[in-house]
Each structure stands twice: as C-alpha cells, then as structure tokens.
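Here is the structure we will look at, set down as structure tokens.
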Amino acid sequence: MSDIRVRFAPSPTGHIHVGNVRTALFNYLFARNKNGVFVLRIEDTDLERSTGESEKLIYDDLRWLGLNWDEGEGIGGGYGPYTQTARADTYRKAAEQLLANGDAYYCFCSEDELEAAREAALKSGNPPLYNGKCHNLPLSDALKRIENGEKPSLRFKALRQDVIVNDIIHGSITFPTDSFGDFIIVRPNGVPIYNFAVVVDDALMNITHVIRGDDHLSNTPKQALIFQALGYAPPVFAHIPMILGPDRSKLSKRHGNTSVEQFRSDGYLPEALVNYLALLSWSSPDEEEIFSVKELTERFSLDRVSKSAAVFDFDKLKWMNGLYIRKRDISEITALAVPYLAKAGYIDPDRADFDMARLTSIIASLRDSLNIISDITRAAEVYFNPPQTLDEESRDILTLPTTKVVLEGFQAELNNAASEYLTPDEYKAAMKSIQKSTGTKGKPLYMAVRVGVTRRTKGPELDQFIPLMPVGILKERLEKVLKEA
RNA sequence: GUCCCGUUCGUCUAGCUCGGCCUAGGACAUCGGCCUUUCACGCCGACAACAGGGGUUCAAAUCCCCUACGGGACGCCA
C-alpha cells in the first residue's frame, strides 16, 4: 500500500445517483491504480434528510458495482468512526481550537434575520454575503448570552486575502478577497456544517487526494482557509466535471432513470455501467473504450480527466450493455432473465416441472437481440404468449395456393415426430421432405411455415424456434391457422 | 448581482501541455449497403464539429485578449 488515501463521502439520502457513482468510481480507480486506500465516509450531518436505511442502500449499490472500499463503517480502519454523526467530539474539539485562536466567533443572528439580509442584498444587486454583525462581538459578551440560554451558531472568520486553490484538473485558481464572507461552521445545536466537517475529517483521516464533483469548486477556498487555521496542509484537489442531462442541466430524477437501483432493476449489468461511467470525462490513452474494471484501474489517471461537463447518453449505455450481455455466459443471462419472465407470468421457476434446460436454450436464441435484460419479456413473447390474430401480410401469405399445401405437409411431418420436441436435425429433415413432395422451396416454404407457426411475430431463427416448441403446441397452432386460412 | 469554472460532429471524446504530421481521428445515434429464407448480431460505408471576434506567427483547434453562451457557488444542504 502506498500513502495515497482517497475517500468517497456520500450523504445517506437515498440510492446513489449516477453522478455520485462516477465520483466514487474515479476515487476507486485512482486508489487502485496508485495502490492506495479507498475510504468510504458517510456524511450525515443533515439530520433531517439522512437515514440509516439510505446508508444500507449505498453499501448495496457500491457492492453491486464492485466498488469495494478498504476503510469504512463495518469494515474498520485506523481512522474511525466513519460516520460523521459519530464524530461529534472530534468536531467540537476542532471548533474549540478555532474559537480559542480567534479564527471563529459566536453568531447570534437568527435565520430569519439572515434570510432577510440575503434577499435585500440580492435585490439591491450586491453579493449576498454575511454582513459581519457579530464579527466583533467580544467573547465574554457572547459567553454571557449563552449562559442566559441563547443558542448561537459558530462562524468562521474569512480572511481578507486572496485564496489560491491548486487543482490537478483545473490548475491554479485564485479566489479574490471578497468572494465570500464569514460563514457558519457549527449549527446552534452543535452539529457541524459540511464545509467544516469535511475539512476536519479529511485532515484527520489523512486524505491525500480529494476527488469530487466540480460543484464543490467554489467551496474549496473556504475549506482551504479552515485547513490553514487548523494547522493542516490541504490535500491535493481534483474537481471532476459534472454529469448533465440531455438538456444540459445537472442530471436529476426528472431526466428519468438515474439511480443505480433503477439501472439494476431495468436489467443493466454492473460492468457495463462502470465501463460507461468511466468514459464520461475520462478517456484512455489508447482511445479504446471497452474495459473491464481491472483494465480501467491499469489505465486510469487524473491527468486524462477533462474539464468540461458530460451529457449522459442513455443510448450509448444501452449499446454497451448489449455488448456485455453478449459476452456473458448463457447460464448467467438465463438466471438474470428468470425474474422478468416470472413477473410476466411466462414461467414459474417454483414448479416442479420447470424446465431450466429448455429455458436456457430459448435464452440462447434470444440473447443477441437484448440490450438490457428486461428486453427479454418482449423478446420471449413469441414462445410464451403468441399473438391471437394475424397481421395483414401474414393473411396475404396464407391465402397463397401453395401455403396450404406446405402447411399440411409440415403437419404431416409433425405427426411423425417421435418425441415431445423436434431436434434441429428432425426439423431440417422435415423441411426437406416438404420441399420434395410439394416442389416448393426457398422463401415461400419458409414463409408458409413461419406464418403458420409464429404468425409474423419478431423472433429468433426459425430452426432454433421450432425445435423448442412442444410438438403438441405446434400442431395446435397449425390447425388453427389452417382453419383461418 | 458578484465570484469561479467551462465551450471540438446531435451525444461521449482524441488532438491542445511542447503551434506545422489536422483536407480534425474514434465511439454512440442516424442513414445506406453487405450477410441472413424474418428480426437481431456482425461487417462495410455515408452524414456530421474546432462558439464568435480580434491579435501573435511564415503557420493556430492548439498561444494571448475580448464577447457570447452554458454550468456552479454565494445556505444553520451536501
């Protein structure tokens, strides 16, 4: 292990979003590439929105994707606890230090008061910064008011100086003196604010590289100031571009399917999602794009991360998912397909006579046409739920004089079938024999049988399809079709 | 409003650090063809971009400046 330490720090407010997954992925790839440590920290200081269940969802999502972490809740490591609400003492100590050094002060302004000031500033065209009302309040006065039962927040004294942030991806960025005013670091109830808690945690957990979305870029000077005041050297920052929806705004639920859970239940494969996400704002030096996680970790580096935001392209993800479906074993795809087929009522895996071998061969004939596993329901319809009426083209073909002869020939062949299913060889032999006795061949023959049996439903190769159908059902369908014709 | 970041085909991107190899390469999507007794898969091909304007230079997608547009932040959210 090297000294490199990175972290992924989600707040537990639901399933992970693809934007966050990409951040987690880059952290993971960077850590693995550098032989470093990947820390998972839960940032649950927003008491209203954070839940314990969400925490579990995050663990599940990350594990499904294969983004395993080296340190975190339930795994351990020398820097715990890894959940912010369990670190109250740590933050309190850091806050006391800042207070003692004169880097922070108590602020008694009410939320309403601040909100009004903000609105007024915005209205008059000024930056909505804190007006510094409590900035010079003597500590002795403040303590007296606290004794009297007032609950102040703790505010950090933003220095009047340019703050320079060095970022691997963006280079050196200078924030002028007045980009922000004094800001709150601890709420009246003692719970720390994000900008304060991250700094304390990143410093104490020895995080060397902070890789996160560039929506945090403008928070960074504040954090840099806190690192300084606390006496820690800041980590290396890498602000990666955001992921946008097709309308170029920050990707969110209203763009549709964006939570990991959604992708999983729609039948996406984790390796496809990971591969696709890796290609958003990162590219491999060799310009290839299909990579396993192992290949990604070998190639990943932060200096090939681009600066501009990327639009999430569902079509390309689907294409890539199809690619990975075709790479997987039939047995695996079959297992993944079972829940969808069961839900559609096509199969019942709990029944004693459930024929897994037959299902596997059906899936084998269908796999190439799938982009996501849930496509299987529609693709397999022809086997389990054939349409009850003929379309126009089928009807036309059925009225051809040769068709009836061909179908009758095929039925005769079926009557000779020895077992429940035809073998592919038996099927071919049957076709040949019809060809011989009727003088039909090529397309008309094929079409006649196809119309008779599958009724023009999109489906797999006929010589795969027919043998998979029980002979009894084939006959039944043929009779019906002959009657209609 | 103020500050910060960004801008190459419809989309993801290569190229930009170290200007000429760029009549700008690849991928998805789209369209066309081949394969196939259907669909799909696969293969081949076509369409399609350096935001705009000024510089610097023999030469600029690449360096500098301005403008426009997009995004983010300015919260007792993270």
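A, B, ... follow the sequence lines: proteins, then strands. Residue 1 opens every chain.
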Does a salt bridge link K327(A) with E271(A), judged by any charged N lying under 4.0 Å from a carboxylate O? no
Charged N to carboxylate O below 4.0 Å: is that the case for E289(A) and K316(A)? yes
I'd like to know whether V163(A) forms a side-chain contact (heavy atoms from CB on, under 4.5 Å) with T174(A), so could you lay out the CA-CA distance, the side-chain angles of the two residues, the decisive distance to 0.1 Å, and finally the verdict. CA-CA 6 Å; V163(A) 182; T174(A) 305; over 6 Å; no
Whole-Å gap separating [atom2] ([N]) and [atom1] ([X]):
| X | N | atom1 | atom2 | result |
| --- | --- | --- | --- | --- |
| N166(A) | C4(B) | CG | C1' | 15 Å |
| K318(A) | C28(B) | NZ | P | 16 Å |
| I243(A) | G6(B) | CD1 | C1' | 16 Å |
| W319(A) | U11(B) | CH2 | C1' | 13 Å |
| I240(A) | C5(B) | CD1 | C1' | 14 Å |

Does G42(B) have OP1 or OP2 under 4.0 Å away from a side-chain N or O of R326(A)?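 For R326(A), the contact criterion (side-chain N or O under 4.0 Å from OP1 or OP2 of G42(B)) is met.
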Closer than 4.0 Å, any side-chain N/O of K307(A) to the OP1 or OP2 of C5(B)? no
Flag if over 12 foreign heavy atoms under 6.0 Å of NZ, K318(A):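 Atom NZ in K318(A) is not crowded, with 12 or fewer foreign heavy atoms closer than 6.0 Å.
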Step by step, work out the side-chain contact (heavy atoms from CB on, under 4.5 Å) result for V311(A) and R248(A). CA-CA 6 Å; V311(A) 172; R248(A) 306 206 73 89; 3.6 Å; yes
Which letters describe nucleotides 64-78 of chain B, given B = protein heavy atom under 4.0 Å from base, S = only from sugar-phosphate, - = neither? -------SBSBSBBB
Assign each of N371(A) and S284(A) to its nearest nucleotide of RNA chain B by heavy atoms, then name whichever residue's nucleotide is nearer the 5' end.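 Upstream on the strand: S284(A).
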